[in-house]
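Right, one structure below, let's go through it.
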Number of protein chains: 2
Amino acid sequence: MRVRLEDVARRAGVSPKTVSRVLNDEANVSDATRKRVTAAMEEMDYRPLSSARSLAGNRSFLVAMLYDNNDNPASTYLAEIQDGVLEACDAHRYNMMVRPLRMRGDDFVNRLDAVISDHHPDGIVLTPPITDYAPLLKRLRERNVPFASVSPVSREGNIGVAMDEQLAARTMVEYLLSLGHRRIAHVMGIADHGASRWRLAGYREAMAAAGLAEDPALVVQGAFTFASGVAAARQLFALKEPPTAVFAANDDMASGVMWVANERGMKVPQDISVCGFDDIPLASQLWPALTTIRQPSREMGKVAALQLLEVLRGRGPGRLVEMPFSLEVRDSTASPR
Amino acid sequence: MRVRLEDVARRAGVSPKTVSRVLNDEANVSDATRKRVTAAMEEMDYRPLSSARSLAGNRSFLVAMLYDNNDNPASTYLAEIQDGVLEACDAHRYNMMVRPLRMRGDDFVNRLDAVISDHHPDGIVLTPPITDYAPLLKRLRERNVPFASVSPVSREGNIGVAMDEQLAARTMVEYLLSLGHRRIAHVMGIADHGASRWRLAGYREAMAAAGLAEDPALVVQGAFTFASGVAAARQLFALKEPPTAVFAANDDMASGVMWVANERGMKVPQDISVCGFDDIPLASQLWPALTTIRQPSREMGKVAALQLLEVLRGRGPGRLVEMPFSLEVRDSTASPR
DNA sequence: CTGCAAATTGACAGCGCTGTCAACTGTGTC
DNA sequence: GACACAGTTGACAGCGCTGTCAATTTGCAG
């Protein structure tokens with residue numbers, strides 16, 4: 001037979017309601033009572049039944065992590081974030097569910113509604129690019145579901161975690177400049193993603209600061225995928241004046257660029273320097289190992305979830321935490337010859 | 001105000017219990033009534049509250065996917081399986097949760113117990129290598145929690161999904177033999193994983209069938225990680241008579257082997273052929289693209305979950321479904337020179 | 001048309017917990 | 001010593017659904 005809250009109450013010599021208070025870490029319980037109840041719980045190995053807690057208390061102890069599975073089929077980046085979110089939820093005995101949410105089409109708000117109505121998450125963790133679809137955020141606020149974001153575009157009124165991606169991108173390009181590169185290309189990510197905008201802005205900032213006029217031919221559109229990196233590289237290498245270095249907006253695209261370089265018999269980094277962004281495991285497994293910006297994805301997932309939990313547990317308003325990045329110089333970049 | 005089952009019942013002119021029966025797809029409801037109730041549900045956009053269903057019905061509608069996070073930090077393989085499991089659960093309106101379960105130490109059975117007691121999953125999907133820890137399976141059976149496995153070692157009494165990995169490995173090695181290789185090395189995975197055993201067995205089978213005596217120096221231990229592939233390759237390439245081809249038990253290790261080849265200035269596939277197993281996205285992003293065995297991981301996750309759901313929904317006993325593999329010949333293998 | 005078994009439907013209690021609100025306890029004040 | 005007041009505890013109902021079992025309807029043989 002399962003141990004119920006009532007059983008714990010009897011053992012501790014208090015009313016069920018008092019045990020409930022202890023369980024939920026509520027105020028107004030004397031230290032002595034709290035200690036007695038906690039001991040009884042331990043002794044009996046009491047496990048609250050979450051369905052009963054949910055039904056009576058009208059909360060689900062559930063955090064849903066939403067991601068866009070249009071452009072992100074099982075990506076490493078998301079897997080790492082998920083790992084961090086899960087760790088944070090575990091620590092506070094919250095459950096976590098992952099929900100793909102196709103952002104294609106215009107009924108994604110309905111799909112969000114369905115997720116909320118079906119699962120009643122107490123809160124939501126938003127991952128890029130879902131962090132910035134205005135109608136979706138609006139609906140979340142209307143339905144009064146707290147949420148935290150990983151790398152949202154707007155810092156105003158958002159809680160979660162962010163990184164100064166523009167500065168990171170600028171740092172990367174400044175590094176390339178310091179190696180002596182002047183014709184530096186940039187492969188952009190999907191146009192309306194915040195990550196694409198920041199990384200492009202950082203690139204432009206560094207180039208401008210070095211007094212270099214922007215050559216539009218050196219900035220090509222990508223889509224964060226390996227294949228788009230391949231396409232972008234083909235375009236860049238076909239230029240009359242090809243770049244001596246390529247800064248791709250993420251590692252997958254950078255690996256596409258390197259792939260094309262190999263295909264053409266160009267040596268990296270002797271003939272062309274290539275660098276990426278994110279530092280997914282792939283970056284170290286490529287030959288030569290990829291110079292990139294390290295983004296602590298797992299930690300970022302954890303921190304975003306912790307901010308959300310802060311709110312859910314009524315501990316405070318939560319904030320937008322800034323995470324550090326680092327430039328990982330490896331073997332795919334060198335001075336031009 | 002939320003629409004409750006009672007509201008639907010009133011609208012359809014039946015008792016709440018009858019609506020419940022329709023909701024749960026039970027027998028003994030006349031077609032006419034069923035139709036009327038279903039219509040009422042639709043019209044009112046009724047969403048059953050899962051906490052109430054769980055509490056009253058003593059089931060959770062929850063499937064937990066267990067994985068070992070010792071050796072698998074956010075691996076692509078698991079992410080793909082997860083994706084498939086999620087799809088299957090969604091289709092039957094079950095929730096899914098992912099649970100890392102460190103297999104190190106000997107209290108993993110307790111940790112399993114905690115998962116069951118805390119979350120009460122109706123069923124569990126086991127992923128390698130958790131599929132084969134006898135004490136864990138025993139506990140699962142004792143506690144009467146149905147489970148399905150992805151690639152279990154033992155096919156007896158297990159439901160889920162499997163692939164003939166030994167045949168796949170043999171096929172790969174036969175392909176290398178057909179290219180003219182004779183000194184073929186194998187980098188093993190973690191010793192007690194089923195995948196390691198089968199892939200090694202397939203390697204041996206093919207070598208023996210070709211009349212080649214096994215050279216123990218050509219079979220080296222790995223651990224399914226990139227780093228272990230690097231270590232294994234250093235060992236192999238240092239041999240007096242190094243291999244002309246290396247078959248690694250998975251793609252990550254194969255990429256480590258290629259990395260060392262590059263480091264030493266050896267050309268793949270001219271100087272050394274390398275191949276892997278799994279066909280994770282990395283395989284196509286390496287240069288040269290990796291010859292490997294394609295394993296339909298996502299589909300396998302889905303099929304395993306479907307077998308479990310078959311059981312959970314009282315539809316049958318479930319079975320062990322065999323999935324096909326395919327040899328993906330790419331550019332990392334060629335005849336020796 | 002009657003009688004009987006099978007199929008269909010409903011009444012009711014209760015799953016294990018928490019919200020509400022009332023009751024009680026102890027402390028400090030004048 | 002009486003009173004006010006904050007701090008602590010408990011009684012009770014009820015969250016929305018399903019299990020049990022009894023009541024009713026239907027189908028069909030005689």
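Below, read A as the first sequence line, B as the second, and so on, with proteins coming before strands; counting in each chain starts at 1. Just so we're clear, the structure is a prediction, and the values are computed from it rather than from any experiment.
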* Salt bridge check: are B:Glu322 and B:Arg155 linked by an N-O gap of less than 4.0 Å? ->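 Salt bridge flag = yes for B:Arg155 with B:Glu322.
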
* Asked: Does the pair B:Arg93/A:Asp118 count as a salt bridge with the N-to-O cut at 4.0 Å?
  ->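 Yes.
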
Ignoring the backbone of [X], work out which of [options] is nearest its side chain.
X	options	result
A:Glu26	D:dT8, C:dG16, C:dG19	C:dG19
A:Ala56	C:dG19, D:dT9, D:dG14	D:dG14
B:Ser30	C:dT8, D:dC17, C:dG10	C:dT8
B:Val14	C:dG19, C:dG10, D:dG19	C:dG10
A:Leu23	D:dG7, C:dT18, D:dC15	C:dT18
A:Leu55	D:dG10, D:dG16, D:dT8	D:dG16
B:Leu49	D:dC17, C:dG10, C:dC17	D:dC17
A:Val29	C:dT18, D:dC17, D:dT9	D:dT9

Give a yes/no answer on whether the side chain of [X] brings an N or O atom under 4.0 Å of OP1 or OP2 in [N].
X	N	answer
B:Ser20	D:dT18	yes
A:Ser15	D:dT9	no
B:Asn58	C:dC15	no
A:Tyr46	C:dG16	no
A:Ser51	C:dC15	no
B:Thr33	C:dT9	yes

* To do: Using heavy atoms to find the nearest nucleotide of DNA chain C for B:Arg36 and B:Ala52 separately, return the residue whose nucleotide is more 5′.
  =>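 The 5'-side residue here is B:Arg36.
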
Whole angstrom value for the distance that separates [atom2] of [N] from [atom1] of [X]:
X	N	atom1	atom2	result
B:Arg53	C:dC15	CZ	C1'	15 Å
B:Glu6	D:dC15	CD	P	9 Å
B:Asn28	D:dT24	CG	P	18 Å
B:Met44	D:dG16	CE	C1'	14 Å
A:His120	D:dG16	NE2	C1'	11 Å
A:Lys35	D:dT9	NZ	P	13 Å
A:Leu5	D:dG10	CG	P	12 Å
A:Lys17	C:dC24	NZ	C1'	17 Å

* To do: Mind checking the CG-CE spacing from A:Leu62 to A:Met97? Nearest 0.5 Å is all I need.
  =>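 Atom-to-atom, A:Leu62:CG and A:Met97:CE are 6.0 Å apart.
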
* **A:Leu309 CG to A:Lys302 NZ distance, which is reported to the nearest 0.5 Å** =>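 Rounded to the nearest 0.5 Å, the CG-NZ separation comes to 11.5 Å.
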
* **Whether A:Arg47 side chain and B:Ser117 backbone form a donor-acceptor pair below 3.5 Å** =>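 Not a single qualifying donor-acceptor pair exists.
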
* Asked: Is a side-chain N or O of A:Ser54 found less than 3.5 angstrom from the main chain of B:Ser51, in a donor-acceptor match?
  ->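 Side chain of A:Ser54 to backbone of B:Ser51, a donor-acceptor pair under 3.5 Å: no, none is there.
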
* To do: Tell whether A:Arg21 reaches the base of C:dG19 with its side chain through a donor-acceptor pair below 3.5 angstrom.
  =>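 Answer no: no donor N or O sits under 3.5 Å from an acceptor.
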
* Under 4.0 Å between any heavy atoms, over every strand shown, what does B:Asn24 touch: base, sugar-phosphate, or nothing? Just pick one. =>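 Result for B:Asn24 = sugar-phosphate.
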
